[in-house]
A.B. asks: 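Sharing a structure, written as structure tokens. Questions coming.
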Amino acid sequence: MQADNRSSMILQTTREDHLIAWLTALAITIHLAESALPSPLPGVKPGLANIITIAVLVRFGWRVAAWVGVLRVLVGSLVLGTFLSPTFFLSFGGAVASIAILGLASLVPGRPFGPLGYSVLSALAHMAAQFGVAYYFFIPHAALLHLLPVLMTAAVIFGIVSGTIVAAMFRSSEKRC
Amino acid sequence: MKMLHRHIAFACLALLLALLTACSREEPVHHIQLLTFGTIVDVTLYGVEADRARQVFAAVEEDFKNMHAAWHAWKPGPLARVNELLATGEAFSAPPSVLPLIVRSQELARRSGGLFNPAIGRLLALWGFQSDERPPGPPPAPDAIAALVAARPSMDDLIVDGVTVRSTNPAVRLDFGAMAKGYGVDLVIDHLRQMGIQNAIVNAGGNLRAIGRRGDRPWRIGIRNPRGPGIIASVEVQDDESVITSGDYERYFEYEGVRYHHILDPRTGYPTQGVAAVTVIHDNATEADVASTALLIAGVERWHETARALGIKQVMLITSDGTIHMSPAMAERIRFETEQPPHVIRSDPL
Amino acid sequence: MRPGDLLVLLLAAVLVSYLYLAFWGPGTAGEYAVIHANGSEWQKVSLHEEHEWQVPGPLGTSTLEVRDGRIRFSDSPCQNKACIHSGWLSHGGEAAACLPNRISVQVIGRDRRYDSISF
């Protein structure tokens, strides 16, 4: 993109690291902002921070995305003071499930998934895991199951929205460069 | 790089959002159910932290335990002692835990035209209602009932001079059952206020007083259906309101197919008939409790004038056949929760 | 939109539909009751699972029976048996207690409509 070929090798790596650091910081910030928003049902968050994770997955691969995802939850919880609290276990469970499914999906030969597919898969896994943690460890009774369809619907919707945003981001940045 | 700039802008916006929306995610509502005061007591607090709520609940439980011991109508304690001394006819110094009830109930008994009469303890004992156990039946003999009614025990038979009390009628035996729950709730609400609590509900056996609000909405109170399952009506209360219900379903026994409940008409000595429940909304719980009993005894014919005399403006009276009588002030705010609209008769304003 | 994306969307649609069928059908209202023993919460019980709960108290064991979305005291070591006479509880807010055995039960309705009940 710029500078001469000799130093661009080194520069490119450094810039990429910076970008990853920025994206992680951004993901964390969005995570923090989301946690301050009231949610109509417990556990229903717009999942905006996931946009970053998916974008990183598409651009930089699964390993980096895994880092961003885990760091986002860890640092976010430390900043909020919810580390090792029930909220933390919910977020962490969701993040682990989401990363795991993204890992499996990215291994499928032929790369059939785009940002939309990854995003929906990730949102489904995230919400399912959060619900599982909540149901088995915190509120084990039938009333909670009644919420599950609603939560999963929300997950699908937010997954589609996030995936669309990520796809749009990449389309516009491709045009730019 | 454009993308980086966009991300910085986004991050700033996100940070701003985080700073602006510093709202708590969990609702600060705390509730406890205590088995005390001879009944189920529910206390709900809004707007305090869990630790503070625990402290407050402990204090409230202590209050109810003390009041239960002081006002117990038949177990040994201050009230039992007062009853012993009243029977002698001699003047004595009334214990400070009981004297206020005597003074207050004298005034309210008068205003209710004697329908509220806490001096009929002997009648209640005769029917078997002064016991933890359900009376097995049969109902007492009519002669026995008539004899006690003829003795006409009344709060007017008590002469109160400062802290000294004397009874001019040995038939007087005090049982504050029709007033104690309301009075107890009032005392506990006062205590809550002293502790700095501004939003709470204290509910002793279905007699409740609510102060403040539940955050951004009023407190929602359900009124039990006296003749079926579930809730018949609901009402929203806030700031400082008591919702007290008296019903013929609370304490009773059945004998040979007939139900005898614990609200006795002092004039006849028998449980009242015809009215299933009365709900009163009023500021303090003591007067509301007294009124709900007095109006149930007054019946369809005389509830209106009795409510007037007691200064009660919001009344709902449900008869045994399901007809609902309401004052206009009550009709305005009550919301029926039944599938079929009930038969409602609106009275004149109170 | 890649082929894999479409597959994922179809999968999501199927999954969510199944969940609604499984958890929103009639009889899955998810109402439950809270049983308190000796002042603290003993158990939250679903009103949709038939069960007999044996609750220990100072006088002995009280039995609470759950059937057809309702709960009641079916047996209790107290003398009064007022708890048993309270009958079946089914609606949110309804409560019964065995005071001598220090056991109470309250139905929590799905939408927690009322903050308190006057009765």
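Every chain is numbered from 1 and lettered A, B, ... according to where its sequence line falls, protein lines coming before strand lines. For clarity, every value in this text was computed on a predicted model and none was experimentally measured.
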A.B. asks: Heavy-atom distances under 4.5 Å only: say whether B/Thr36 touches chain C with side chain, backbone, both or neither.
C.D. replies: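 Answer is neither: B/Thr36 stays 4.5 Å or more from chain C.
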A.B. asks: Please state whether the side chain, the backbone, both or neither of C/Gln106 comes within less than 4.5 Å of a heavy atom of chain B.
C.D. replies: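 Interface part for C/Gln106: side chain.
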A.B. asks: Return yes if some donor-acceptor pair links the side-chain N/O of B/Asn203 with the main-chain N/O of C/Ser118 below 3.5 Å, else return no.
C.D. replies: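 Checked: no pair found.
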A.B. asks: Quick one: ring-ring contact (aromatic ring centres under 6.0 Å, His included) partners of B/Tyr252, sequence neighbours excluded?
C.D. replies: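 With sequence neighbours excluded, B/Tyr252 shows a ring-ring contact (aromatic ring centres under 6.0 Å, His included) to no residue whatsoever.
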A.B. asks: In chain order, what residues pass the ring-ring contact (aromatic ring centres under 6.0 Å, His included) check against C/His51, with sequence neighbours excluded?
C.D. replies: C/Trp53
A.B. asks: Is it the case that more than 12 heavy atoms not belonging to C/Gln79 sit under 6.0 Å from its CD atom?
C.D. replies: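 Incorrect, the count does not exceed 12.
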A.B. asks: Who among B/Arg251, B/Glu61, B/Glu133 has the most heavy-atom pairs with chain C under 4.5 Å?
C.D. replies: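 Heavy-atom pairs under 4.5 Å are most numerous for B/Glu133.
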A.B. asks: Under the criterion side-chain contact (heavy atoms from CB on, under 4.5 Å), which of B/Ile223, B/Ile231, B/Ile221, B/Val235 is the partner of C/Tyr114?
C.D. replies: B/Ile231
A.B. asks: Under a 3.5 Å distance rule, please check whether C/Arg102 uses its side chain to pair with a backbone N or O of B/Leu35 as donor and acceptor.
C.D. replies: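 Side chain of C/Arg102 to backbone of B/Leu35: a pair is present.
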A.B. asks: Side chain, backbone, both or neither: which part of B/Glu236 has a non-hydrogen atom closer than 4.5 Å to chain C?
C.D. replies: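 Contact with chain C: none, neither part.
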A.B. asks: Taking side-chain contact (heavy atoms from CB on, under 4.5 Å) as the test, write out the residues that go with B/Lys75, two or more places apart.
C.D. replies: B/His72, B/Asp132
A.B. asks: Do you know which of C/His85, C/Lys81, C/His36 has the most heavy-atom pairs under 4.5 Å to chain B?
C.D. replies: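 Most heavy-atom pairs within the cutoff with chain B belong to C/His85.
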A.B. asks: If I compare all heavy atoms of B/Gln33 with all of C/Ser104, which pair ends up nearest, and what's the gap?
C.D. replies: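 Heavy-atom minimum between the residues: OE1-OG, 2.5 Å.
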A.B. asks: Identify which part of B/Ile244 has an atom lying under 4.5 Å from any heavy atom of chain C, answering side chain, backbone, both or neither.
C.D. replies: backbone
A.B. asks: Could you tell me which residues in residues 284-293 of chain B have at least one non-hydrogen atom under 4.5 Å from a non-hydrogen atom of chain C, sorted by residue number?
C.D. replies: none
A.B. asks: Is it the backbone or the side chain of C/Leu89 that comes under 4.5 Å from a heavy atom of chain B, or both, or neither?
C.D. replies: neither
A.B. asks: Shortest non-hydrogen contact from B/Tyr249 to C/Phe119?
C.D. replies: OH-C, 3.3 Å
